[in-house]
Amino acid sequence: MNENSRHEKIQEFVAELSAFAATAELTLHEIETELEGKKSLFSVFINNMFDIRGTSQQLKLDHVARIAGLGEEIAVKAVSATSRPALRKCVGALWDALTTIKYLLLHYDEKTDEEQDILINRLNATLKSLGGARVSVDNSEIEALLKSRG
């Protein structure tokens, strides 16, 4: 994909992100009205972050994909969180992730390493305090599993 085509794809993604972001923002506002009673709504956020992560990976926006992945993991943990402080921590981290993703996509060609590092450290700390990320499997492990079954 040439640079002009990539730029056009990123602009399309930014436009598409507006819908994701609006849904995610409404969802977070709704969750904030009743943390324990509406935590199942985190599933909407999980799906949005999954979609953002996938598209970001395709566009080689690895920094956005990483933040979306952390947001997805935090939202997964939020669904089963048992205390108000943990839920508040999740909501705060997800607001930060969403806001930063929107900023990074609008300014994808600017240098924002310091801001990204600060947020990634915060999201990692939040995720660690919630028990850590789910176990993941990479492509080579999937291929090995498929070959062993084959």
Taking the side chain from Thr100 and the backbone from Ala97, do they hold a donor-acceptor pair closer than 3.5 Å? no
So CG of Leu41 and CD of Glu34: to nearest 0.5 Å the spacing works out to 9.5 Å
Are Leu35 and Ile74 co-members of a hydrophobic cluster defined by side-chain heavy atoms under 4.5 Å apart? yes
Could you tell me whether the side chain of Ser56 reaches within less than 4.5 Å of the side chain of Asp62, counting heavy atoms only? no
Same cluster or not: are Ile31 and Leu26 linked, directly or through other Ile, Leu, Val, Met, Phe, Trp or Tyr residues, by side-chain heavy atoms under 4.5 angstrom apart? no
Provide the closest heavy-atom pair for Ala65 versus Gln57 in the form atom of the first, atom of the second, distance. CB-CG, 3.6 Å
Neighbour count >12 (heavy atoms, 6.0 Å) for atom NZ, Lys60: no
Of the non-hydrogen atoms in Leu130 and Ala86, which two are nearest, and what is the gap between them? CD2-CB, 4.0 Å
Pair Lys77 + Glu72: basic N to acidic O under 4.0 Å: no
For Ile52, is there any backbone N or O sitting under 3.5 Å from a side-chain donor or acceptor partner on Thr55? no
Determine whether Glu114 and Ile118 make a side-chain contact, defined as any pair of heavy atoms from C-beta on separated by less than 4.5 Å. yes
Do any N or O atoms from the side chain of Glu73 and from the backbone of Arg134 form a donor-acceptor pair under 3.5 angstrom? yes
Evaluate the side-chain proximity of Val79 to Lys39: yes if any heavy-atom separation is below 4.5 Å, no if none is. no
Determine which pairs satisfy ring pair (Phe, Tyr, Trp, His ring centres under 6.0 Å) with at least one residue from residues 39-74, sequence neighbours left out, and list them in order. none
Is the closest side-chain heavy-atom distance between Trp95 and Glu32 below 4.5 Å? yes
Rounded to the nearest 0.5 Å, how far apart are CD1 of Ile101 and CG of Leu106? 12.0 Å
Carboxylate-amine/guanidinium contact Glu16 Lys9, below 4.0 Å: no
Do Leu70 and Leu119 make a side-chain contact, defined as non-hydrogen atoms from C-beta onward lying under 4.5 Å apart? no
Starting at CG of Leu104, measure out to CD of Gln116 and round the result to the nearest 0.5 Å. 5.0 Å
For Ala78 and Leu87, which heavy atoms make the closest approach, and how far apart are they? O-CD2, 3.4 Å
To the nearest 0.5 Å, how far apart are CD1 in Ile10 and CG in Leu105? 8.0 Å
Just how far is it from atom CZ of Arg66 to atom CG of Leu123, taken to the nearest 0.5 Å? 9.5 Å
Interatomic distance, Leu94 atom CG to Leu28 atom CG [nearest 0.5 angstrom]: 6.0 Å
